[in-house]
Amino acid sequence: MLQASLDTPFGSLAVVEAAGAIVALDWRHVAAPDASPLLAEALAQLAAYAEGRLESFDLPLSVRGSTLQKAVCDAIFAIPFGHTRTYGEIARELGVPAQAVGQACGGNPIPVIIPCHRVMGARGLTGFSGAGGVETKVALLRHEGAAGLLI
């Protein structure tokens, strides 16, 4: 697997590539980054997102996990920039319990690119698995202009 990182207002983001697809993103710095055209493109798109110049990622992604994990990630990826959905809405769409959607959302291997920060609880803001937890989720939602939902 190849990996590289980028410093953003949301923290240092490390992107991992395997078999020609992005397979992971997490909050850390990669001291000895690898180089590949896909990693370069992923970092360029993350930089454009952080600078407010990109609203939708266009990268080959590979979500490892169960059929449900992949379906939830597909549903999350479809949420437009600046919008949110609830766990319950996604659960009804997929015909599964909201708790299962929450667990799959928490297991999203490619946060930010697959924007799990756009998923809310029935009563508003919920947790976030990325570094900084809910504060990072709020920062991402504010960045997208969706913070009005938090008031």
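Keep in mind the model is a prediction, meaning the values are calculated, not measured.
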(message) Under 3.5 Å, is there a donor on one side chain and an acceptor on the other for Arg53 and Gln45?
(response) no
(request) Return yes if some donor-acceptor pair links the side-chain N/O of Gln103 with the main-chain N/O of Ala100 below 3.5 Å, else return no. (result) no
(request) Quick one: closest heavy-atom pair of Ala14 and Ser5, and the distance? (result) CA-CB, 3.9 Å
(request) Give the minimum heavy-atom separation between Ala4 and Val30, together with the two atoms involved. (result) C-CG2, 3.9 Å
(message) Please evaluate residues Met120 and Lys137 with respect to the criterion side chain to side chain contact (heavy atoms under 4.5 Å, CB included), reporting the C-alpha separation (whole Å), side-chain torsions for both, the decisive distance (0.1 Å), and the verdict.
(response) CA-CA 10 Å; Met120 309 287 277; Lys137 182 173 188 165; 4.2 Å; yes
(message) Can you classify the ring geometry of Tyr49 versus Phe57 as parallel (below 30°), tilted (30 to 60°) or perpendicular (above 60°)?
(response) tilted
(request) Please round to the nearest 0.5 Å and tell me the distance separating atom CZ of Arg142 and atom NE2 of His117. (result) 13.5 Å
(message) Please find the pair of heavy atoms, one from Glu17 and one from Leu39, that lie closest to each other, and give the distance.
(response) OE1-CG, 3.5 Å
(message) Is there a continuous path of hydrophobic side-chain contacts, each under 4.5 Å between heavy atoms, that joins Leu38 to Val23?
(response) no
(request) Assess whether side chain to side chain contact (heavy atoms under 4.5 Å, CB included) is satisfied between Asp34 and Met1, documenting all intermediate values. (result) CA-CA 9 Å; Asp34 297 306; Met1 289 197 275; over 6 Å; no
(message) Counting only heavy atoms not in Glu135 (residues, nucleotides, ligands), do more than 12 fall under 6.0 Å from its CD?
(response) no
(message) Quick one about His83 and Glu144 (side-chain donor to acceptor, distance below 3.5 Å, no hydrogens or angles considered), yes or no?
(response) no
(message) To check you understand the geometry: which heavy-atom pair defines the closest contact between Gly82 and Arg118, and what is its length?
(response) N-NE, 4.4 Å
(message) If you compare all heavy atoms of Ile79 against all heavy atoms of Pro115, which two are closest, and at what distance to 0.1 Å?
(response) O-CG, 4.3 Å
(request) Mark yes or no for whether Asp26, through its side chain, and Leu13, through its backbone, hold a donor-acceptor pair below 3.5 Å. (result) no
(message) Using every non-hydrogen atom in the two residues, find where Pro9 and Ala50 come nearest and quote the distance to one decimal.
(response) CD-CB, 3.8 Å
(request) To the nearest 0.5 angstrom, please state how far the CG atom of Leu43 sits from the CG atom of Asp7. (result) 10.5 Å
(message) Between Thr84 and Val119, does the side chain to side chain contact (heavy atoms under 4.5 Å, CB included) criterion hold? Intermediate values first, please.
(response) CA-CA 6 Å; Thr84 61; Val119 183; over 6 Å; no
(message) Consider side chain to side chain contact (heavy atoms under 4.5 Å, CB included). Of Val16, Val63, Ile76, which one does Ile110 pass it with?
(response) Val63
(request) Mind checking the SG-CZ spacing from Cys116 to Phe77? Nearest 0.5 Å is all I need. (result) 12.5 Å
(request) Quick one: pull up CD1 in Ile113 and CG in Asp58 and give me the separation to the nearest 0.5 Å. (result) 11.0 Å
(message) Test of understanding: clusters of I, L, V, M, F, W, Y form through side-chain heavy atoms closer than 4.5 Å, transitively. Do Val72 and Leu61 belong to the same one?
(response) yes
(message) Is there a path of hydrophobic side-chain contacts, each under 4.5 Å between heavy atoms, that joins Leu46 and Leu2?
(response) yes
(message) Within a 6.0 Å radius of atom CD on Glu51, are there more than 12 heavy atoms belonging to other residues, nucleotides or ligands?
(response) yes
(request) Could you give me the CA-CA distance, side-chain angles and deciding distance for Trp27 and Ser12, then say whether side chain to side chain contact (heavy atoms under 4.5 Å, CB included) is met? (result) CA-CA 5 Å; Trp27 275 260; Ser12 188; over 6 Å; no
(message) In the structure I gave you, are the side-chain heavy atoms of Pro109 and Cys73 within less than 4.5 Å of one another anywhere?
(response) yes
(request) Say whether Phe10 and Val15 are linked into one hydrophobic cluster, either directly or through other cluster members, by side-chain heavy-atom distances under 4.5 angstrom. (result) yes
